[in-house]
There are 2 protein chains.
Amino acid sequence: MAAGGRQNRKPAQNTHAADGKSIQYGPLEHWIGFNLRMAQAASFQAFSRRSKDIGLRPGRFATLTLIGQNPGISQTALSRANGRDKSTLTPLIADLVRQRLVRRVREVNDRRSYGLTLTPAGEKMLAQLTECARQHEEELDGIVGRRERAQFLAALKKLADALA
Amino acid sequence: MAAGGRQNRKPAQNTHAADGKSIQYGPLEHWIGFNLRMAQAASFQAFSRRSKDIGLRPGRFATLTLIGQNPGISQTALSRANGRDKSTLTPLIADLVRQRLVRRVREVNDRRSYGLTLTPAGEKMLAQLTECARQHEEELDGIVGRRERAQFLAALKKLADALA
DNA sequence: TATTGTTATACTCTATAACTATA
DNA sequence: TATAGTTATAGAGTATAACAATA
């Protein structure tokens, strides 16, 4: 992992202040928005810990999956699928290509664009990360409760969808 | 809002690729971790849109709330409550002080630390942001469904707690 | 020695705008 | 003119390490 970093500690909902009084969260405590942020950060950190030996940042995982699932996808289509500007993809893809995980091929029909595919090494890396994610998901399932899982997932999807 | 920015578009779960084929998300689609990220990003963006006229970045909101709820809190205690390093608080607090929203007072008992409190302008700003957040929460409640709300919130808290 | 807060530095992620090469 | 991708530039957010003042 690079020098700077990603090792956030736990977001501590109820740490005691230095003076011994417990911290008051006020309305934050009861808000979906705030707790969504806390849960997301905690999940991301847990996944980072789990995947840190693989040698690819967790942020690359979604990109690799999307290329794997959509072979030949263009950078613009990929950036749309991610909800990011296309310019943010240039260095990211360059990095994946440099690591020989992704191949870029000029489209014959439209020579402005590139088709992206995984190399065998990319497939292998994706498989490793996917296994990691599967284990991570099992952990999350255990926390949320397998019976509540479907409803929880549905709520998350409704939020992402409706707030578009 | 500053130049760089925060205006992410919607994370588009099912945008069509340029070539007309729909994007495949593969296993991402069914994973809590991924959907947590999407929902959090969407919620954050929606709150940003709602609060952008107030003149304080949404990231300052939690800080302001924590100071308001814990008058006299030290920077170190605040950074722990936030789950961030204390060094990240220095420029943030400096900014809030410069805007006359927060007051810093040397502790008499321990002259290494400062006690943080809101100024009247800070209280007013916090009240505006809180009202904004209340409306935002109503929107989220409407999406999640008022009956499912408690269970959803409980699941988020369990995640943040358990992954500490 | 230990802790509070600051400074210096660096890295990630993201954006906008202007550019090129194609279409 | 319009689109795909690149480059230049910028800003927010975060971290670590070394430091000064104080305990």
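This is a predicted model, so every value here is computed, not measured. Below, chains carry the letters A, B, ... as their sequence lines are ordered, and counting in each starts from 1. Any value given below was found using the heavy atoms of this structure, including those in side chains, with hydrogens, waters and symmetry copies removed.
Among pairs with a residue in residues 144-164 of chain B, those fulfilling ring pair (Phe, Tyr, Trp, His ring centres under 6.0 Å) read A:Phe152-B:Phe152, at least two apart in sequence or across chains. Pairs engaging residues 82-135 of chain A under the ring pair (Phe, Tyr, Trp, His ring centres under 6.0 Å) rule: none recorded [sequence neighbours left out]. For residues 57-106 of chain A, the ring pair (Phe, Tyr, Trp, His ring centres under 6.0 Å) pairs, not counting sequence neighbours, are A:Phe47-A:Phe61.
We find that CZ of A:Arg37 is positioned 11 Å from C1' of D:dG13, with the value rounded to whole Å. Nucleotide D:dA12 holds its P atom 18 Å from the CZ atom of A:Arg84, rounded to whole Å. Between the CG atom of B:Leu78 and the P atom of C:dG5 there is a distance of 10 Å, given to the nearest Å. We find that CG of A:Leu116 is positioned 12 Å from C1' of D:dA4, with the value rounded to whole Å. Note: CD (A:Gln40) to P (D:dT14) measures 12 Å, nearest angstrom. Here C:dG5 presents its C1' atom at 16 Å from CG of B:Asn82, a figure rounded to the nearest Å. Between A:Asp85 atom CG and D:dT3 atom P there is a gap of 15 Å when expressed in whole angstrom units. Between the OH atom of A:Tyr114 and the C1' atom of D:dT6 there is a distance of 9 Å, given to the nearest Å.
Contacts between residues 86-103 of chain A and DNA chain C, counted as heavy-atom distances below 4.0 Å, involve A:Ser87, A:Thr88.
In terms of modelled atom types and a separation under 3.5 Å, the side chain of B:Glu137 and the main chain of A:Ile32 share a donor-acceptor contact. Side-chain atoms of A:Tyr25 come within 3.5 Å of backbone N or O of B:Ala81 as a donor-acceptor pair. A donor-acceptor pair under 3.5 Å is absent between the side-chain atoms of A:Gln69 and the main chain of B:Ile23, judged by distance alone. A donor-acceptor contact shorter than 3.5 Å links the side chain of A:Arg106 to the backbone of A:Arg112.
The phosphate of C:dT6 has OP1 or OP2 within less than 4.0 Å of a side-chain N or O from B:Arg104.
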I'd like a table of atom pairs between the protein and nucleotides 20-23 of chain D - only N or O on both sides, under 3.5 Å - with the distance next to each one.
from: D:dA23; atom 1: OP1; to: B:Arg111; atom 2: N; distance (Å): 2.6

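The line from NE2 of B:His30 to CG of B:Asn35 is 9.5 Å long, rounded to the nearest 0.5 Å.
Between the two ends of the helix from C:dT1-D:dA23 to C:dA23-D:dT1, each summarised by a five-pair axis, the helix axis turns through 10° (rounded to 10 degrees).
Inspection of the B:Glu131 and B:Gln135 side chains reveals an N or O donor paired with an N or O acceptor under 3.5 Å.
Within 6.0 Å of the CZ atom in B:Arg100, the count of heavy atoms belonging to other residues, nucleotides or ligands does not exceed 12.
Taking both residues in full, the closest heavy atoms of A:Gln75 and A:Thr90 are given as NE2-OG1, 4.4 Å, listed atom of the first, atom of the second, then distance.
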